[in-house]
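Please find one structure pasted underneath; my questions will follow.
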Amino acid sequence: APAQGYRLAGHRWPTRTIRYHNATAYKDAVRAGVQAWNASGAKVRFRETTRGKAALQIRYSGSGCGGSGSVGRRVHYRPTVFFGRGCESSFMPLIATHELGHILGLSHEDRRCATMSSAVGLRCPRAPRYMWRCRLLEADDVRGAIRIYGGTVKPLNPVRFCPLFAVPDPPVNVTLAYVNGSVDATLTLPEPRRLIPDYASPPFPELHYYRYPNACPAGAATGPLQRRSPDAYGTQTLSIDGFLPPGAWCYAIALAGSDRSTSPFVTATVLVP
Ligand SMILES: [Zn+2]
């Protein structure tokens with residue numbers, strides 16, 4: 001019935017184990033898709049094997065990013081999933097899961113949030129910036145596979161989005177100087193560690209800092225927050241403040257992360273003559 005969602009097509013696999021060989025470099029993404037389906041509760045499993053023993057081949061098609069796979073088992077052709085070579089890795093687990101869904105016999109489902117939608121994430125909540133959709137299957141996808149192969153729906157991963165980058169490390173080698181009525185900070189900003197290996201573009205660096213007379217207080221930073229957005233990571237000198245009355249001034253400085261997290265604060269002091 002249409003209200004149930006999912007669409008089926010093609011032939012179901014006669015076996016409950018589908019042996020595949022993956023000749024592409026998208027090893028982690030395909031394994032993530034395989035794991036998602038294998039843990040879904042549907043009574044069907046993908047298992048990696050050698051090229052010669054595989055009933056399903058996973059290969060490259062052309063450049064660009066995309067995937068294709070026949071819907072359901074093809075009787076007269078060798079079932080194959082094709083991937084473009086140019087896919088960003090945060091996108092690939094979803095694409096792999098989607099194409100494996102076609103192999104199981106699921107067609108496109110565009111009426112609700114489903115991994116089997118014709119465009120990735122069509123009716124799903126959008127991933128916040130610098131997050132990716134790490135829940136690879138939605139309830140509708142699993143119900144479709146169970147309709148074909150039997151089984152019971154296992155609870156979905158409660159986490160829908162995962163960060164692309166780790167919480168940043170604090171700036172290092174911070175020194176301050178008061179030059180011509182301006183506080184200049186020379187510091188090194190470490191690039192945030194990628195949690196998805198080859199995701200290309202890190203968030204722009206953003207410094208968060210607080211200024212205190214004399215010394216920085218212990219514990220949490222308070223007072224008016226100041227921000228600077230340098231153009232790059234690495235070692236650089238930035239103007240972080242303007243004219244100050246004479247005396248010692250302490251700055252507590254952190255590097256902001258992509259998901260509102262910040263690194264621990266480091267402190268540095270400048271003497272204004
Ligand atoms: Zn598709």
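Both counts, for ligands and for their atoms, begin at 1 and track the order of listing. This is a predicted model, so every value here is computed, not measured.
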(message) Ring-plane angle category for Tyr20 and Phe46, please: parallel below 30°, perpendicular beyond 60°, tilted otherwise.
(response) perpendicular
(request) Taking the side chain as every heavy atom from C-beta outward, state whether Leu255 and Thr262 have any pair of such atoms under 4.5 Å apart. (result) no
(message) Using side-chain heavy atoms (C-beta onward) and a distance below 4.5 Å, is Tyr210 in contact with Leu225?
(response) yes
(message) Within less than 2.8 Å, report the number of protein N/O/S atoms around the Zn ion (ligand 1).
(response) 3
(request) Could you label the plane-to-plane angle of the His102 and His108 rings as parallel, tilted or perpendicular, counting under 30° as parallel and over 60° as perpendicular? (result) tilted
(request) Take the angle between the ring planes of Tyr26 and Phe83 and call it parallel below 30°, perpendicular above 60°, tilted in between. (result) perpendicular
(message) Check Arg133 with Glu138, please: is the shortest side-chain N to carboxylate O separation under 4.0 Å?
(response) yes
